[in-house]
Visitor: 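This structure is in structure tokens; I'll ask about it shortly.
Chain letters run A, B, ... following the sequence lines, proteins first, then strands; residues in each count from 1.
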There are 2 protein chains.
Amino acid sequence: MGSANLRGSTQTAEGSKIPLQQNATPAKVCPHNSNISCASCRLNELCLPIALNKSEIHQLDEIVERNRPYKKGDHLYRQSDDFKSVYAVRSGSFKSYVLSDNGQGRVTSFFLPGEIIGMDGIASKQYANSTIALEHSSICEIPFSQLEKLSHQLPSLQHHFFAIMGNEIAKDQQIHTLLSSYTAEERTASFLLGLSSRYAHVSLSPSRFLLPMTRSDIGEYLGLTVETVSRIFTGLQRKELIQVNNREIELLDIAALRAIISSS
Amino acid sequence: MGSANLRGSTQTAEGSKIPLQQNATPAKVCPHNSNISCASCRLNELCLPIALNKSEIHQLDEIVERNRPYKKGDHLYRQSDDFKSVYAVRSGSFKSYVLSDNGQGRVTSFFLPGEIIGMDGIASKQYANSTIALEHSSICEIPFSQLEKLSHQLPSLQHHFFAIMGNEIAKDQQIHTLLSSYTAEERTASFLLGLSSRYAHVSLSPSRFLLPMTRSDIGEYLGLTVETVSRIFTGLQRKELIQVNNREIELLDIAALRAIISSS
DNA sequence: TTTGATTGTTGATTTAGATTAAATTAGCTT
DNA sequence: AAGCTAATTTAATCTAAATCAACAATCAAA
């Protein structure tokens with residue numbers, strides 16, 4: 001089955017082009033462009049500027065540092081580095097991981113566009129894990145001391161950042177439940193649906209996307225081995241709930257995937 | 001071996017009295033007393049007042065509601081209730097849990113004195129789980145809208161609450177790693193050491209305490225069955241790393257317990 | 001002080017997912 | 001395009017922990 005040139009776009013059976021996440025913005029506007037202000041950023045509805053007015057967004061803009069793009073494998077920061085900033089993903093994706101004593105890494109989070117990285121360092125003033133780009137990616141760096149200062153001036157920013165942190169806490173607790181009581185198939189289905197709705201949030205297809213991470217990353221994140229993840233993928237494909245071709249995945253029956261989870 | 005009257009205090013082999021958490025404060029000051037101000041609360045070094053000056057603490061005091069004590073099994077709030085407040089445990093202990101579709105509960109957190117409950121509701125404006133008292137307990141209720149307002153006036157309170165939330169995030173991610181890669185014995189050892197250091201924080205014995213939760217609660221929290229938790233306890237006891245007698249537990253060899261975890 | 005209900009322990013058996021071991025396929029370099 | 005390394009799949013065992021099944025201890029209420 002034609003799996004040529006899937007980075008960026010692909011052909012459906014009918015020959016129509018469906019954008020995958022890599023080229024969701026028009027070709028002439030590079031998604032890694034560093035010169036977009038918060039006000040004009042297509043992610044401003046879910047990132048920090050949400051609920052801020054024009055002048056407030058401008059003030060936020062002033063403290064945001066738009067770094068050069070990160071190449072696949074570049075570290076945003078490493079475990080135990082001094083905490084300085086939180087980061088908003090502008091394009092691409094990242095993973096956070098910790099190294100166990102025997103050198104084995106365990107993935108703790110994935111980050112997609114619009115999501116905030118680095119909040120685990122706020123309390124201890126050191127990052128609790130390392131974070132690395134999964135593909136060519138760009139981020140906005142927000143020095144935390146300045147974010148605090150500005151939050152103190154702008155009640156709506158303070159409110160919103162409390163909400164972002166609260167959301168992270170709620171999400172982490174859902175994963176606690178997933179890891180403590182779901183089967184391998186339930187975890188995998190839940191993971192795919194989670195990615196689906198996160199892509200939907202940034203106006204990308206909720207049913208067809210590229211997985212930016214390896215099977216091994218998924219396994220570490222879900223507390224499963226690579227082999228199990230692979231087997232579950234083939235199993236779900238056999239049941240015609242998904243269609244996988246390497247990193248490309250299509251969710252064929254979202255309702256049935258949901259049903260798998262709620263059976264637990 | 002003499003297991004009489006362990007609620008509150010117990011006899012060692014030598015006959016000396018070692019206080020357990022239930023009577024760590026002098027008998028004449030009831031630990032559930034509702035009339036203690038933040039300024040005089042023995043937990044103020046780890047609760048919200050930390051890093052606030054006298055006058056700031058007084059302002060915080062003004063918004064704190066000191067509810068009547070909760071009996072064992074009383075709900076602080078239930079899943080999907082409208083989010084209104086966060087709570088600080090003054091005495092006793094609580095657990096949070098979610099109900100899965102089949103009615104099975106899964107414990108997501110335990111809360112000991114000085115710890116903050118309810119942050120999972122901040123983002124969605126509804127509590128994501130139910131929270132119940134594990135024993136006779138008392139709490140301070142802090143209406144969140146007022147906490148936000150006061151945080152806006154007091155930079156150090158804003159800073160401290162960001163830190164509390166960041167700490168919750170870091171802690172939840174540690175549990176993610178624990179659940180995704182630790183064995184049953186490693187999880188159990190880690191859980192016991194975690195309780196130990198939390199009791200140490202409130203100046204209680206880190207090596208000898210009463211477990212406020214059932215084996216089943218522990219199992220749900222750690223993603224294990226009751227039977228496994230019970231077997232691991234007996235196993236650790238056989239290895240002389242702990243001494244368990246129903247809810248009473250003594251950590252005999254903390255170094256060895258730590259070694260179990262770092263072997264993973 | 002019985003009685004029933006909840007909680008905890010222990011043992012036998014089963015099983016989901018890990019481990020081990022290859023073989024296959026993609027993606028990179030050169 | 002060849003060669004190399006990392007990623008993925010598949011299959012055959014193995015094992016840690018779940019499940020199933022009694023039973024004992026504790027607690028709360030009558």
Visitor: Less than 4.5 Å apart, side chain to side chain, heavy atoms only: is that true for V229(A) and F191(A)?
Guide: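 They are not in side-chain contact.
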
Visitor: Please report the distance, rounded to the nearest Å, between CG in N245(A) and C1' in dT9(D).
Guide: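 Checked: the CG to C1' distance equals 13 Å.
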
Visitor: Would you compute the distance between atom NE2 of H176(A) and atom OG of S180(B) and round it to the nearest 0.5 angstrom?
Guide: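 The distance works out to 11.5 Å.
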
Visitor: Roughly, in whole Å, what's the span from CD in E135(A) to C1' in dA26(C)?
Guide: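 For the pair E135(A) CD and dA26(C) C1', the rounded distance is 17 Å.
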
Visitor: Rounding to an integer number of Å, can you tell me how far E248(A) CD sits from dA26(C) P?
Guide: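 The distance from CD of E248(A) to P of dA26(C) comes to 12 Å, rounded to the nearest Å.
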
Visitor: Within 45° of the ring axis of Y70(B) and under 6.0 Å from its six-membered ring centre, is that where the NZ or CZ of R68(B) lies?
Guide: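 Here R68(B) passes the 6.0 Å and 45° test against Y70(B).
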
Visitor: Distance check needed: dA18(C) C1' versus E220(A) CD, whole Å only.
Guide: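 E220(A) atom CD is separated from dA18(C) atom C1' by 15 Å.
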
Visitor: Answer whether the closest heavy-atom distance between the side chains of Q243(B) and I249(B) falls below 4.5 Å.
Guide: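 Not in contact.
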
Visitor: Is a side-chain N or O of Q237(B) found less than 3.5 angstrom from the main chain of V244(B), in a donor-acceptor match?
Guide: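 At least one qualifying donor-acceptor pair exists.
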
Visitor: For the residue pair Y77(A) and Y127(A), does the interplanar ring angle fall in the parallel (under 30°), tilted (30 to 60°) or perpendicular (over 60°) class?
Guide: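 Y77(A) vs Y127(A) ring planes: parallel.
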
Visitor: Which nucleotides of nucleotides 7-17 of chain C have their base under 4.0 Å from a protein heavy atom (B), which only their sugar-phosphate (S), and which neither (-), written as one string 5' to 3'?
Guide: SSBBBB----S

